[in-house]
> 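Before we start, here is the structure in question, set down as structure tokens.
Both counts, for ligands and for their atoms, begin at 1 and track the order of listing. Source: prediction; values computed, not measured.
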Amino acid sequence: MSTKKIKVALLGVGTVGTGVYKLIQRRAGVMVQTIGAELEVTKILVHNINKRREGIDASLLTDNWQEILNDDGIQIVVEVMGGIEPAKTMILEALHAGKHIVTANKDLIAEYGRELLDSAEEKQCDLLFEAAVAGGIPIIRPLKQCLAGNEISEVVGIVNGTTNYILTKMFEKNMSFEEALAKATELGYAEADPTADVEGLDAGRKVAIMASIAFRSRVVFGDVYTEGITKITSDDIAYAKEFDSVIKLLGVAHNTEDGIEVGVYPMLLKKEHPLASVRDSFNAVFVHGDAVDDAMFYGRGAGELPTASAVMGDIIDVARNLAYNCNGRISCTCYRQTPIKKFDEVENKFFLRMQVKNRPGVLACIATVFGDYQVSIARVIQKHVKGERAELVIVTEKVKEHYLRSALQKLQEMDSIYEVSSVIREY
Ligand code: NAP
Ligand code: HSE
């Protein structure tokens with residue numbers, strides 16, 4: 001009796017696509033036992049058909065999308081090319097043709113997840129995207145399925161490997177931001193243009209996807225307040241050490257009574273918090289649910305095989321659904337429309353580092369301004385006095401973002417304040 005074959009097309013064979021191709025070969029011997037069929041890559045869409053590609057069967061390459069779309073034998077399309085277009089159109093056309101989709105494309109899911117999932121549901125097709133958030137770490141499936149019995153109130157994650165690597169090296173090796181970024185680029189963690197990494201945009205897309213699933217209400221990238229790590233200095237790192245804390249770029253999402261709070265920004269985090277021990281390019285996601293309590297997911301958030309691991313898990317899931325004719329079983333899980341809280345209304349604690357005139361009455365003036373704007377002071381430290389100039393560090397209690405911003409604006413107008421050097425939130 002001949003073995004059943006499931007035909008797969010890859011859209012893209014770069015870092016992730018090559019990993020998927022390799023993993024399909026590596027697992028070939030156990031596929032029949034795993035899914036009752038063999039997986040066969042029959043076509044690979046690329047941009048440049050003439051490029052040399054080590055280990056890839058060149059006869060599979062095509063630069064003609066129609067060849068894949070019109071091939072009725074192909075049941076699974078794996079989109080690992082990235083970007084919005086032409087990926088979005090290709091996915092919609094493939095769904096329309098009844099093909100199942102696996103994608104690693106966070107840009108696309110964070111912006112057009114609803115439209116794509118609705119199309120998948122209409123056609124009773126699978127659209128799976130485990131690799132789109134935190135690479136190899138299982139987080140989409142746990143949020144959608146394993147934790148479905150919870151009301152999730154918090155999702156906090158280190159979901160960008162490049163920035164975590166940079167902050168770790170600044171903290172542990174006293175590297176400058178520029179040195180650490182150069183090293184992250186050399187190691188292949190950073191994107192070709194690292195702006196999306198260091199400005200928090202990559203993490204913002206991942207947090208939008210996680211918040212949508214965790215809170216069952218659509219959050220898009222445009223809803224996420226983003227702030228990167230380019231302003232973090234060695235002085236901030238030194239204070240973090242003094243406070244028994246680390247600085248991490250966190251994606252933070254809370255489901256509160258007055259709406260969803262969602263943002264990405266660097267935060268001072270106490271060393272005891274489980275996320276504080278996540279070093280180098282590793283990622284982790286911390287979730288709080290009313291039944292499970294605290295749960296944390298840890299691992300490699302990027303790279304050829306870790307990301308391919310997540311894609312392969314999705315391919316196997318589609319294949320298992322094919323065996324029981326139950327594709328499209330779990331589609332969009334957003335069933336409510338919780339408002340997104342204006343970031344101005346979000347409350348945070350702040351670490352403020354400022355350069356002030358070293359004169360009697362300055363601290364009292366600062367305290368008055370803070371009092372006027374509802375900012376309550378938790379701690380004050382003054383050191384590094386140089387003649388007329390002193391460095392003042394103030395840690396606040398929780399305060400709404402807009403109050404803090406107004407207070408800082410007022411302070412910057414005062415003659416006795418030379419500069420507000422750092423404003424970092426505290427977890
Ligand atoms: P990549 O190395 O740049 O590879 C992209 C591949 O797609 C290349 O093979 C390229 O063809 C092909 N491609 C791009 N545009 C195309 C077009 N218009 N038509 C046909 N082929 C096209 O990208 P990657 O790092 O593998 O990332 C792929 C996706 O996975 C992205 O959505 C990314 O966000 C996501 N992701 C990546 C990682 C990671 O660690 N890299 C982790 C998680 C998620 P050529 O080879 O001919 O140029
Ligand atoms: N540049 C990303 C990171 C890769 O550093 O995490 C995967 O999204």
> State whether F171 and K241 meet the cation-pi test: NZ (Lys) or CZ (Arg) under 6.0 Å from the six-membered ring centroid, and within 45° of the perpendicular axis.
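Here K241 passes the 6.0 Å and 45° test against F171.
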> Quick check on contacts: which atoms of ligand 1 are under 4.0 angstrom from a heavy atom of G303?
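Near G303, the atoms of ligand 1 are 39 (C), 40 (O).
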> Nearest protein heavy atom to atom 37 (C) of ligand 1, by residue and atom, and its distance?
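Scanning the protein heavy atoms, the shortest distance from atom 37 (C) of ligand 1 goes to V16 CG2, 3.4 Å.
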> Test E347 against every option in K341, E397, K398 by the side chain to side chain contact (heavy atoms under 4.5 Å, CB included) rule and name the one that passes.
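Per the side chain to side chain contact (heavy atoms under 4.5 Å, CB included) rule, the option paired with E347 is K398, out of K341, E397, K398.
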> If you measure from the Lys or Arg side-chain nitrogens to the Asp or Glu carboxylate oxygens, is any gap between E130 and K144 under 4.0 Å?
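Here E130 does not pair with K144 in a salt bridge, since their nearest N and O are not under 4.0 Å apart.
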> Take F343 and Y265 through the test ring pair (Phe, Tyr, Trp, His ring centres under 6.0 Å) and record every step on the way to the result.
CA-CA 12 Å; F343 194 68; Y265 28 81; 5.8 Å; yes
> How close does the nearest protein non-hydrogen atom get to atom 42 (C) of ligand 1, and which residue and atom is it?
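Atom 42 (C) of ligand 1 sits closest to the protein heavy atom T307 OG1, 3.3 Å.
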> Indicate yes or no: does an N/O atom of L11 lie under 3.5 Å from an N/O atom of ligand 1?
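No: no nitrogen or oxygen of L11 is under 3.5 Å from one in ligand 1.
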> Can you figure out which of A87, S281, A104, G19 has its heavy atom closest to atom 30 (O) of ligand 1?
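It is A104 whose heavy atom sits nearest to atom 30 (O) of ligand 1.
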> Between N160 (side chain only) and T162 (backbone N and O only), is there a donor and an acceptor less than 3.5 Å apart?
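It does hold such a pair.
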> Is atom 11 (O) of ligand 1 less than 4.0 angstrom from some protein heavy atom?
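Flag for atom 11 (O) of ligand 1 set to true, protein heavy atom closer than 4.0 Å.
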> Evaluating non-hydrogen atoms only, which member of V133, L10, V46 is closest to atom 20 (C) of ligand 1?
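The option holding the nearest heavy atom is V46.
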> Taking only non-hydrogen atoms of R53, do any sit less than 4.0 angstrom from ligand 1?
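Per 4.0 Å heavy-atom rule, R53 contacts ligand 1.
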> Starting from atom 32 (O) of ligand 1, which protein heavy atom do you reach first, and at what distance in Å?
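The answer is G82 CA, 3.2 Å.
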> What about A131: any of its N or O atoms under 3.5 Å from an N or O on ligand 1?
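No, A131 has no N/O under 3.5 Å of an N/O on ligand 1.
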> I need the nearest protein heavy-atom contact for atom 48 (O) of ligand 1: residue, atom name and distance, please.
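Answer for atom 48 (O) of ligand 1: K51 NZ, 3.3 Å.
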> What do the steps show when you test E304 against T18 for side-chain hydrogen bond (donor to acceptor under 3.5 Å, both in side chains), and what is the final call?
CA-CA 7 Å; E304 185 183 284; T18 302; 5.2 Å; no
> Run the salt-bridge test on K400 and E345 with the 4.0 Å N-O cut-off and return the result as yes or no.
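Salt bridge flag = yes for E345 with K400.
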> Counting each atom of ligand 1 from 1 as listed, which ones have a heavy atom of P86 under 4.0 Å away?
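What qualifies from ligand 1 is 18 (N).
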> Do D236 side-chain atoms and T233 backbone N/O form a donor-acceptor pair below 3.5 Å?
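Flag set: sc D236 to bb T233 pair under 3.5 Å.
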> For ligand 1, which atoms, with element, lie under 4.0 Å from some heavy atom of A302?
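Checking each atom against A302, I get 40 (O).
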> Do T89 and E93 meet the criterion of a side-chain donor-acceptor pair at a distance under 3.5 Å?
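Absent: no donor and acceptor within the cut-off.
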> Could you list which atoms of ligand 1 come closer than 4.0 Å to a heavy atom of V13?
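Matching atoms, with element in brackets: 6 (C), 8 (C), 9 (O).
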> Can you tell me which residue and heavy atom of the protein come closest to atom 28 (C) of ligand 1, and the distance to 0.1 Å?
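Nearest neighbour among protein heavy atoms for atom 28 (C) of ligand 1, to 0.1 Å: V80 O, 3.3 Å.
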> Note the single closest protein heavy atom to atom 13 (N) of ligand 1, along with its residue, its atom name and the distance in Å.
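That would be M81 CB, 3.7 Å.
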> Should the ring pair F243 and F351 be called parallel, tilted or perpendicular, given that the plane angle runs from 0 to 90° and is split at 30 and 60?
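Perpendicular.
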> When only distance counts, is D107 in polar contact with ligand 1, meaning an N/O pair under 3.5 Å?
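No, no N or O pair falls under 3.5 Å.
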> Is atom 3 (O) of ligand 1 in close reach of the protein, with a heavy atom under 4.0 Å away?
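Under 4.0 Å from atom 3 (O) of ligand 1, zero protein heavy atoms found.
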> A side-chain contact here means heavy atoms from C-beta on lying under 4.5 Å apart; do Q409 and Y373 qualify?
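With C-beta onward as the side chain, the pair stays apart.
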> Closest non-hydrogen protein atom to atom 34 (O) of ligand 1, residue and atom name please, with distance?
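I find the closest protein heavy atom is K106 NZ, 3.1 Å.
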> Is there a donor in the side chain of D193 and an acceptor in the side chain of T195, or the other way round, less than 3.5 Å apart?
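Distance-only check passes for D193 and T195.
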> Would you say that P266 contacts E227 through its side chain, given a criterion of any heavy-atom pair below 4.5 Å between the two side chains?
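P266 vs E227: side chains touch.
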> For atom 47 (O) of ligand 1, what is the closest protein heavy atom, and at what distance to 0.1 Å?
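I find the closest protein heavy atom is N48 N, 2.7 Å.
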> Tabulate distances under 3.5 Å between N/O atoms of ligand 2 and N/O atoms of the protein, writing both atom names on each line.
residue, atom, partner, partner atom, Å
ligand 2, 1 (N), Y189, O, 3.1
ligand 2, 1 (N), E191, OE2, 2.7
ligand 2, 1 (N), D197, OD1, 2.8
ligand 2, 5 (O), N160, ND2, 3.4
ligand 2, 5 (O), G161, N, 3.3
ligand 2, 5 (O), T162, N, 2.9
ligand 2, 5 (O), T162, OG1, 2.6
ligand 2, 5 (O), Y189, O, 3.4
ligand 2, 6 (O), G161, N, 2.7
ligand 2, 8 (O), K106, NZ, 2.6
ligand 2, 8 (O), K206, NZ, 2.9

> Is the shortest distance from a Lys or Arg side-chain nitrogen in K88 or E111 to a carboxylate oxygen in the other one below 4.0 Å?
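Salt bridge flag = no for E111 with K88.
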> With heavy-atom distances below 4.0 Å as the criterion, list the atoms of ligand 1 near G12.
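Checking each atom against G12, I get 6 (C), 7 (O), 9 (O), 12 (C).
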> Given the ring of Y335, does R216 sit roughly above its face, with NZ or CZ under 6.0 Å from the centre of the six-membered ring and within 45° of the axis?
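The answer is no; the distance or angle limit is not met.
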